[in-house]
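These notes concern the structure reproduced below.
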Amino acid sequence: MVDSFMAKQGSSSSPTLVGDPSEAKITPIVVISCILAATGGLMFGYEIGISGGVTSMPGFLKTFYPDVYVSTQKLKTHNSNYCKYNNQKLQLFTSLLYLAALVSTFFASHSTKKLGRKMTMLIAGIFFIVGSVLNSAFTNFTTVITGRVLLGCGVGFANQVVPLFLSEIAPTRIRGGLNILFQLNVTLGILFANLVNYGAAKIKGGWGWRLSLGLAGIPALMLTLGSLIVVDTPNSLIQRGKLEEGKAVLRKIRGTQNIEAEYLEILEASNEAREIQHPFRNLLKCKNRPPLIIAIAMQIFQQFTGINAIMFYAPVLFATMGFGNNASLYASVITGAVNVLSTIVSIFVVDKLGRRMLLLEAGVQMLLSQLVVAIVLALKVKDHSNNLSFGLAILVVVMVCSFVSGFAWSWGPLGWLIPSETFPLETRSAGQSVTVCINMICCFLIGQVFLLMLCRLKYAIFLFFSAWVLVMTLFVLLLIPETKNVPIEEMTERVWKQHWFWKRFIDDCEGDKSNRKYANQPFHDSK
Ligand code: BGC
């Protein structure tokens, strides 16, 4: 069916998109649903931004980690620039959330498939609310850690469902831009958290940490209410057998009666999906390998740009470089703001310039920025002395901002966008779980070992990350296909089958019995 449609449309580069008739409008319901759903990212960002600041607040340390508090006081006399903040137990508070997220995302996969996208968002919202309450209202260590785990479950569910929801509900031609709303919310969450920490740290009486942890309730509430308002995606409704409802939603969100082509395409994809008993095992089938490998590689690469070294520990990093406490906080608010603004840039250009162009440009920009920071630190900030002049300190901040902005219009959003749009429907939620899981494992690792690495590698930590950036940029150059303007249910035909390297996986599948069986189903016959 799709083939006959393709034939009618002419070549695969035809501007008229199959399944996305040109009259598909950017309707208010799509825009509103996307804005509401994307608040799941706000929660994730808030958690990324908040814990670094909270774990350095004396009130928090005295309550939960009294021994750590005592040793940080002693460390004030410690004179190694690179090692003063390294503490594994404390870093576990930051990274535990990611452990919980990586486990829960597999439950989320089941829920996105069986209960739908909307319901899964509601579950994420509830996890967040309970987690924020436990985190801020009690002074008992077990409760706070339980709260952290629940927040992690919220992140696991939200990161599983939101990018997927956005990719499915958006019309093809603005899919990239709408999907990046998730990442925009992540960056807003981080910035909001930086500002909250800045204010909370100044509160006399030592209860500022409660405010920081408790304000997570705001984004939690937004996602919960949002999930009650949004419509479920037609893909999810159709996949769960609600054909008429799916069709009606498709008409409503596309703002046209002419949705037959897209409807049939989703129906076909969901027929295939229904055949699949074990989506995770199915991920390993040859035709699913290209998106799987790309999703895994993209998550590892996204985290090994070193972005979270900056997002989790920006104040600590700037303090390491010799900035005073206030200056460090300001500097981290500045990088937070650059992160938000650059993400907005990508919303507008991703569907025009394409994914590859952004990843390649940013690769060069991030590489150069990290090299400059490494060189300045190597020359000026030794283990026991710091000769960073004012001018060089500004240069370091500018280079960190340049690195963050490169990340924010490339690996930040595209690390989530590309995996969410390249898996076929039958393995989309399983694929997204693997994506979230790998991302969280890498977040956990960076959260847990970065300060130790800084202590051991010193300025060379930036060389370490820049080597990764070089490798990932070559990976993009050779192996990441362009997916801009390709309808989501046509990736196999129009992307993988056309790619110089990945097509061999699909070719191998031609001999795969389990795929041949689809060819005999009535739905595949050309009508
Ligand atoms: C990443 C996070 C990161 C954030 C920074 C996200 O895409 O997954 O780990 O902290 O971008 O904006």
Side-chain angles (χ1 to χ4, degrees), residues 26 30-31 34-35 37-42 44-45 48-49 159 162-192 294-295 297-299 301-308 310-311 334-370 399-422 432 435 439 469 472-473 475-477 480-486 488:
I26 301 170
V30 163
V31 176
C34 288
I35 291 175
T39 55
L42 206 57
F44 177 39
I48 290 171
N159 286 27
V162 174
L164 213 136
F165 174 92
L166 297 173
S167 281
E168 286 181 345
I169 205 161
T172 303
R173 65 183 188 282
I174 56 158
R175 184 179 65 232
L178 282 185
N179 186 288
I180 294 176
L181 286 179
F182 171 73
Q183 175 67 13
L184 180 64
N185 277 268
V186 173
T187 61
L188 285 169
I190 296 174
L191 180 62
F192 178 45
I294 295 239
M298 286 200 79
Q299 300 317 304
F301 287 150
Q302 186 203 56
Q303 290 303 312
F304 279 83
T305 54
I307 187 67
N308 279 333
I310 295 180
M311 293 300 142
I334 293 174
T335 51
V338 168
N339 196 13
V340 174
L341 294 176
S342 309
T343 306
I344 296 177
V345 172
S346 74
I347 292 184
F348 289 101
V349 297
V350 67
D351 291 309
K352 298 195 179 75
L353 296 180
R355 283 69 165 148
R356 277 171 58 82
M357 172 77 112
L358 286 174
L359 288 165
L360 291 173
E361 184 284 330
V364 176
Q365 182 175 331
M366 292 192 292
L367 181 66
L368 294 178
S369 313
Q370 284 174 327
M399 285 298 114
V400 171
C401 287
S402 153
F403 166 77
V404 169
S405 72
F407 175 88
W409 59 55
S410 62
W411 285 95
L414 301 182
W416 296 108
L417 168 64
I418 295 179
S420 77
E421 67 182 8
T422 46
Q432 184 66 13
T435 302
N439 189 285
V469 172
M472 65 187 78
T473 308
F475 182 86
V476 173
L477 194 64
I480 298 220
E482 184 53 69
T483 46
K484 128 183 133 167
N485 280 344
V486 181
I488 192 164

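Residue numbers run from 1 in the order of the sequence given.
Listed for the Gln432 side chain is no donor-acceptor partner under 3.5 Å among the backbone atoms of Pro419. No donor-acceptor pair closer than 3.5 Å links the side chain of Gln302 to the backbone N or O of Leu414.
In this structure, Thr473 has no side chain to side chain donor-acceptor pair (under 3.5 Å) partners at least two apart in sequence or on a different chain. Residues satisfying the side chain to side chain donor-acceptor pair (under 3.5 Å) test with Ser420, not counting sequence neighbours, are Ser167, Asn179. Taking the side chain to side chain contact (heavy atoms under 4.5 Å, CB included) definition, one finds that Leu368 meets it with Val364, sequence neighbours left out. The side chain to side chain contact (heavy atoms under 4.5 Å, CB included) search around Leu188 returns Leu42, Leu184, Val340, not counting sequence neighbours. Every side chain to side chain donor-acceptor pair (under 3.5 Å) that Glu168 has, sequence neighbours left out, goes to Arg117, Thr233, Arg428. With sequence neighbours excluded, no residue forms a side chain to side chain donor-acceptor pair (under 3.5 Å) with Asn159.
Gln183 has its side chain out of reach of Ser346: every pair of non-hydrogen atoms, C-beta onward, lies at least 4.5 Å apart. The side-chain heavy atoms of Val186 and Pro413, taken from C-beta on, include no pair separated by under 4.5 Å. A 4.5 Å side-chain heavy-atom check between Ile294 and Ile418 finds at least one atom pair inside the cut-off. Put simply, the side chain of Met298 reaches to within 4.5 Å of the side chain of Trp411, judged on heavy atoms. Residues Val404 and Ser342 are not in side-chain contact: their nearest non-hydrogen atoms beyond the backbone lie 4.5 Å or more apart.
The stretch residues 162-191 participates, sequence neighbours left out, in these ring pair (Phe, Tyr, Trp, His ring centres under 6.0 Å) pairs: Phe182-Trp416. Here salt bridge (charged side-chain N to carboxylate O under 4.0 Å, His left out) pairs that include residues 405-415, with residues two or more places apart or in two chains, number zero.
How far CD1 of Ile310 is from CZ of Phe407: 10.0 Å, rounded to the nearest 0.5 Å. Atoms CD1 and CG, from Ile344 and Leu181 in turn, are 10.0 Å apart once rounded to the nearest 0.5 Å. Note that CD1 of Ile180 and CD1 of Ile174 are 11.5 Å apart. Values are rounded to the nearest 0.5 Å. Within the model, atoms CD1 of Ile190 and CE of Met311 stand 5.0 Å from one another, a figure rounded to the nearest 0.5 Å. To the nearest 0.5 Å, atom CG of residue Leu191 and atom CG of residue Asn339 are 8.5 Å apart. Taken to the nearest 0.5 Å, the CD atom of Gln365 stands 8.0 Å off from the OG atom of Ser410.
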List the steps and the verdict of side chain to side chain contact (heavy atoms under 4.5 Å, CB included) for Ile307 and Phe403. CA-CA 8 Å; Ile307 187 67; Phe403 166 77; 4.0 Å; yes

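Considering all non-hydrogen atoms of both residues, Arg175 and Val486 come closest at NH1-O, 2.8 Å. Shown here for Leu166 and Ala37, the closest heavy-atom pair between the two residues is CD2-CB, 4.3 Å. Considering all non-hydrogen atoms of both residues, Val30 and Ala170 come closest at CG1-CA, 4.5 Å. When every heavy atom of Ala38 is checked against every heavy atom of Val162, the shortest pair comes out as CA-CG1, 4.0 Å. Nearest approach of Asn308 to Gln303, heavy atoms of both residues: ND2-OE1, 2.7 Å.
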Using a 3.5 Å cut-off and no angle test, enumerate the donor-acceptor pairs between side-chain atoms of residues 347-360 and protein atoms at least two apart in sequence or in another chain.
from   : atom 1 : to     : atom 2 : distance (Å)
Asp351 : OD1    : Gly176 : N      : 3.2
Asp351 : OD1    : Arg355 : NH1    : 3.0
Asp351 : OD2    : Gly176 : N      : 3.2
Asp351 : OD2    : Gly177 : N      : 2.8
Lys352 : NZ     : Phe348 : O      : 3.3
Arg355 : NE     : Glu421 : OE2    : 3.2
Arg355 : NE     : Thr483 : OG1    : 3.4
Arg355 : NH1    : Val350 : O      : 3.3
Arg355 : NH2    : Glu421 : OE1    : 2.9
Arg356 : NH1    : Val476 : O      : 2.8
Arg356 : NH1    : Leu477 : O      : 3.3
Arg356 : NH1    : Ile480 : O      : 2.8
Arg356 : NH2    : Leu477 : O      : 3.3

